[in-house]
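I have placed the structure first, in the form of structure tokens, so that the comments after it can refer back to it.
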Amino acid sequence: MKKDIATPARTKEILAKHNFHLKKSLGQNFLIDLNILNGIVDASGFTEKDGVIEIGPGIGALTEQLAKKAKKVVAFEIDDRLIPVLEDTLSPYSNIEIIHEDVLKADVQSILASSFNDVEHIHVVANLPYYVTTPILMKLLEERLPLKSITVMIQAEVAERIAAVPSTKEYGSLSIAAQYFSEAKKKLHVPASVFVPQPRVDSAVLKLTIRERPLVSVKEEAWFFQVFHACFANRRKTIMNNLVHNLVGKEKKSLAEEALHRADIDPMRRGETLSIEEFAALSDELYDLRN
Ligand code: SAM
């Protein structure tokens, strides 16, 4: 058996053999450190009975480590130049399916149904392309896919924002959106030196454990999302001002006042001090008053 893909020498050899040039615009920063890959696999906690979805296999560094431990791996890769490379590098493994598609456009739900019919749980494990981290995570969460967890390498700063608690500068609409669907934990801090080419920022491994039910129950989910997004539109403004300027409009100021009063929230507070439960209460009061 050949050496693992994720070593500097083997990666260099594969890139040269296929005359492959990395595309910055596709977020191609490949991992060349086995310890980090093992750290990602351990953080995910999947078992040999589980299926794993990977987004962006690149030349297969992580895919190979996933295939050694999982029952089956399904990997979405957008770059057509990588398909023959993956066929070559992953040829020793029979439990990998590569799907040549943009994950943002793919019908992930039906692919899961057809590709994972005999696994215990399904997990996402990926070193994400940084230019589309948030849209990919939100798609995976909002589509309510039957996932147990999502473990991803992302920019450290984004991981901190997702896992943030109220009254910190990192806390915002991304924290609420992710924590509504999952329990978020930053697992590892990763230096830029374990990638080729090295990204300009540090990275982190984030694990999202999917909740069976969302953290709070609200009358209308889309409205709840609109409400908290509006409250963070201008972080320096009070919650009252944000609601008036970004949601209800000046002529309905009294509606915002009444909803804040009923939800027992001081209108002078800033969005970043509100818990997810308080946003849910506010959203429901506004929903009732609006209808
Ligand atoms: N998994 C490999 C590793 O860890 O070395 C590569 C990770 S690299 C950060 C991101 C990968 O995602 C690249 O292979 C890139 O071509 C792919 N990619 C970028 N945008 C994508 C998209 N929208 N859908 C699927 N794959 C995408």
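Whatever order the structure lists them in is the order used to number ligands and atoms, beginning at 1.
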What is the minimum heavy-atom distance between G172 and R235, and which atoms define it?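 It is CA-NH1, 3.9 Å.
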Shortest non-hydrogen contact from N95 to A67?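 Taking N95 first and A67 second, the nearest heavy atoms are ND2-O, 2.9 Å.
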Which side-chain hydrogen bond (donor to acceptor under 3.5 Å, both in side chains) pairs, counting each pair once, include a residue from residues 281-291, with sequence neighbours left out?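 Passing the test, one end in residues 281-291: K219-D288.
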Qualifying side-chain hydrogen bond (donor to acceptor under 3.5 Å, both in side chains) pairs with a residue from residues 124-143, counting only residues at least two apart or across chains: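 Sorted pair list: Y130-S203.
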Over 60° means perpendicular and under 30° means parallel, so tell me whether F279 and F232 are parallel, tilted or perpendicular.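 Taking F232 first and then F279, their aromatic rings sit tilted (interplane angle of 30° to 60°).
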What does the contact table look like for ligand 1 (nitrogen or oxygen on each side, cut-off under 3.5 Å)?
{"unit_1": "ligand 1", "atom_1": "1 (N)", "unit_2": "E54", "atom_2": "OE2", "d": "3.2"}
{"unit_1": "ligand 1", "atom_1": "1 (N)", "unit_2": "G56", "atom_2": "O", "d": "2.8"}
{"unit_1": "ligand 1", "atom_1": "1 (N)", "unit_2": "P57", "atom_2": "O", "d": "3.4"}
{"unit_1": "ligand 1", "atom_1": "4 (O)", "unit_2": "N127", "atom_2": "ND2", "d": "2.8"}
{"unit_1": "ligand 1", "atom_1": "5 (O)", "unit_2": "L31", "atom_2": "N", "d": "2.8"}
{"unit_1": "ligand 1", "atom_1": "14 (O)", "unit_2": "G58", "atom_2": "N", "d": "3.3"}
{"unit_1": "ligand 1", "atom_1": "14 (O)", "unit_2": "E77", "atom_2": "OE1", "d": "2.8"}
{"unit_1": "ligand 1", "atom_1": "16 (O)", "unit_2": "Q28", "atom_2": "NE2", "d": "2.9"}
{"unit_1": "ligand 1", "atom_1": "16 (O)", "unit_2": "E77", "atom_2": "OE2", "d": "2.6"}
{"unit_1": "ligand 1", "atom_1": "20 (N)", "unit_2": "Y131", "atom_2": "OH", "d": "2.9"}
{"unit_1": "ligand 1", "atom_1": "23 (N)", "unit_2": "D102", "atom_2": "OD1", "d": "2.9"}
{"unit_1": "ligand 1", "atom_1": "24 (N)", "unit_2": "V103", "atom_2": "N", "d": "3.0"}
{"unit_1": "ligand 1", "atom_1": "26 (N)", "unit_2": "I78", "atom_2": "N", "d": "3.4"}

Looking at residues at least two apart in the chain, or sitting in another chain, which of them share a salt bridge (Lys or Arg N to Asp or Glu O under 4.0 Å) with E157?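 Per chain and number, E157 pairs via salt bridge (Lys or Arg N to Asp or Glu O under 4.0 Å) with R161.
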